[in-house]
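Read through the structure below, which is laid out as structure tokens, and then see the notes.
What you see is a predicted model; the values in this text were computed from it and never measured.
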Amino acid sequence: MLDRELIRTQPDFVRHGIQRKGLDSSIVDEFLRVDSAWRSLRQELEVMQAERNRISKTIGQLMGQKKIDEANEAKAQAKAISDALPEVEARNRALEEDLNKIELDFPNLPHESIPDGKDENDNPVVRVWGEKPTFAEEPKAHWDVAEGLNLFDLARGAKITGSGWVVYTGQGARLQRALFNFMIDHQTRKNGYFEIYPPFLVNRASLIGTGNLPKFEEDLYKSTDDLYLIPTAEVPITNLYRDEILNGEDLTIKLAGFSGCFRREAGSAGKDTRGIQRIHQFDKIEMVKFCKPEDSYAELETLIQDAESVLQTLGLHYRVIELCTGDIGAKGAKCYDLEVWSPGVGRYLEVSSCTNFEAYQARRANIRFRREQGAPTEFVHILNGSGLAVPRLYGAILESFQQPDGSVIIPEALRPYVGLNKLTS
RNA sequence: GGAGAGGUGGCGGAGUGGUCUAUCGCGCUUGUCUUGAAAACAAGAGUCCUGAAAGGGACCAGGGGUUCGAAUCCCCUCCUCUCCUCCA
């Protein structure tokens, strides 16, 4: 959601931002049309209400003075207004609903600093850490490494649930569990995030707050009772403060939580479908920050660094790219992707996406703060990023640390969590 | 799932359908007093929308209804608490 006042007073600026993302800016004109109709009708409505309220008050006084005839006359006047009100109210409500719907469909504007571009091929590389590991023989892809060690079972996952659902087994299950335990410890103890363990199902209002609804309904698993399985812990964690006014002194608030993530769309594009690169359920640590507007770009830099520090600790080669206007999507203002090198697949795979939403989510979720007591409320800026997603990291570990004999050396930092130095058959 | 009791401002807690403001207390802000603080006294203070402003409107969990007028009466939904049932 954008500031209504900004759309009203600087429509060209808003149009330009939407067009930079390659999106349709006619929504601006639609908004302006409905907004002005709504505001003028609202004036009309409020004049009627004020008049009715005024007359109603005099009725009480007249009754008290036993001026029954005058009271009855006033009653008739008030009733005439009250009879006319519902029709105006209904029109007003209809316009208001239209306006709200349009408002929720608005994309966020890109930050002025982000590079123009058409798609992912135009994303500049910001930095590279480490080097590609070298192998005596051609490195195997993680699904081949895993097969030799019986780490996960895609066939049986498909049997018990469906295609794109994975069962981790034995040492593979242990590595999986070790990875998210290691990462939540890393982000909370080393990087100073406050730990959250959220529900995995949320209500509709929460998904509207983060911007997943109403637009991306088809990407979500819906349960009975109108609850949705979360696509990321971003949803419950961001919504912790929905409809709240935060104390400015408490900012920046840094939260990190573990959750399962459930995505219907995964695999539907027919891309990256092998192994565990794209699956319907995966585990992830998510970091969320709530901060003052003037701090959010500095917080974005430390957020991506916090995500990177996981890969550094594990000794995995990676690069950071910045998403261009054509690839950033509707919700973000600026976004970095963290991509780990996957030697067997032979590509860099996204393990984290760190985004500054500025006030976009805060407006939707109504999360505000006061700089000090008595100060006016302002919207916070909200950022989030994975810290990290497990499956692709899992794959990168298998591929990067595979040995000629088929075993996999466990990185030092992970050993206390796995309880093994290497995975063997 | 069943029975009962509830949901009012930052918190606690009143509120016979109307008469100028949703009592009051705590907490909060400012002022008086004080070297400073406390105490006392006085004043102030909610959120949102709309409007250039003056002003107007909405909000007592949410949504409907009755009425000239609803925190108050009626209906539905959600949530909390107690007890029962079930369950890990």
Any luck finding a side-chain donor-acceptor pair between His381(A) and Glu358(A) under 3.5 Å?
no

Residues passing the salt bridge (charged side-chain N to carboxylate O under 4.0 Å, His left out) test with Arg93(A), sequence neighbours excluded, are none

Classify the ring geometry of Phe262(A) against Phe200(A): parallel below 30°, tilted from 30° to 60°, perpendicular beyond 60°.
tilted

Symbol by symbol from the 5' end, with Watson-Crick or G-U pairs under 3.5 Å, [ ] crossing and | another strand, RNA chain B is ((((((((.[[[..)..(.....]]].(((((.......))))).(((((....))))).[[[[[..)....]]]]])))))))....

Given the P atoms of A45(B) and U29(B), what is the spacing between them in whole Å?
16 Å

Are a donor atom and an acceptor atom from the side chains of Asp306(A) and Gln187(A) found within less than 3.5 Å of each other?
no

For atom CZ of Arg242(A) and atom P of C79(B), their distance in whole Å
13 Å

Separation of Asn53(A) atom CG from G18(B) atom C1', in whole Å?
13 Å

Exactly one of Thr302(A), Thr252(A), Asn384(A), Asp295(A) should register a side-chain hydrogen bond (donor to acceptor under 3.5 Å, both in side chains) with Lys289(A). Which one does?
Thr302(A)

Given protein heavy atoms under 4.0 Å, the one-letter contact record of nucleotides 70-77 of chain B, with B base, S sugar-phosphate only and - none, is simply --------

Would you call the rings of Phe31(A) and Phe106(A) parallel, tilted or perpendicular, where under 30° means parallel and over 60° means perpendicular?
perpendicular

Interface polar pairs with nucleotides 26-29 of chain B, N/O, under 3.5 angstrom:
| residue | atom | partner | partner atom | Å |
| --- | --- | --- | --- | --- |
| C28(B) | O2' | Gln373(A) | OE1 | 2.9 |
| C28(B) | O2' | Gln373(A) | NE2 | 2.9 |

Could you tell me whether Arg42(A) and Glu96(A) make a salt bridge, using a distance below 4.0 angstrom between a side-chain N and a carboxylate O?
yes

Determine the interatomic distance between P on C78(B) and the same-named atom on U19(B); round to the nearest Å.
35 Å

Is the phosphate of C68(B), meaning OP1 or OP2, less than 4.0 Å from a side-chain N or O of Lys75(A)?
no

Under-4.0 Å salt bridge between Lys101(A) and Asp105(A)
no

Strictly below 4.0 Å, N to O, side chains only: are Lys292(A) and Glu294(A) in salt-bridge contact?
no

Taking only the C1' atom of each, what is the distance from C75(B) to C20(B) in whole angstrom?
34 Å

Integer-rounded Å distance: G62(B) P and Asn203(A) CG:
16 Å

Test salt bridge (charged side-chain N to carboxylate O under 4.0 Å, His left out) applied to Glu249(A) - qualifying residues, sequence neighbours left out
none

Taking atom types as modelled and ignoring hydrogens, do the side chains of Asp185(A) and Tyr417(A) form a donor-acceptor contact shorter than 3.5 angstrom?
yes

Please list each protein N or O that sits under 3.5 Å from an N or O in nucleotides 48-50 of chain B, with the distance.
| residue | atom | partner | partner atom | Å |
| --- | --- | --- | --- | --- |
| C48(B) | OP1 | Arg368(A) | NH1 | 2.5 |
| C48(B) | OP1 | Thr377(A) | OG1 | 2.7 |
| U50(B) | OP1 | Arg8(A) | NH1 | 3.1 |
| U50(B) | OP1 | Arg8(A) | NH2 | 2.8 |
| U50(B) | O2' | Gln43(A) | NE2 | 2.3 |

If the P atom of A61(B) is compared with that of G15(B), how far apart are they to the nearest Å?
15 Å

Less than 4.0 Å between a side-chain N and a carboxylate O, is that true for Arg263(A) and Asp219(A)?
no

Under 4.0 angstrom, heavy atoms only, what part of the nucleic acid is Asn72(A) near: base, sugar-phosphate, or nothing?
nothing

P atoms of U66(B) and C74(B), separation to the nearest Å:
15 Å

Using atom P of each nucleotide, how far apart are G6(B) and U21(B) to the nearest Å?
28 Å

Tell me whether Gln361(A) contacts the main-chain N or O of Thr210(A) through its side chain, where contact means a donor paired with an acceptor under 3.5 Å.
yes

With rounding to the closest Å, how many angstrom separate the P atoms on A52(B) and G62(B)?
30 Å

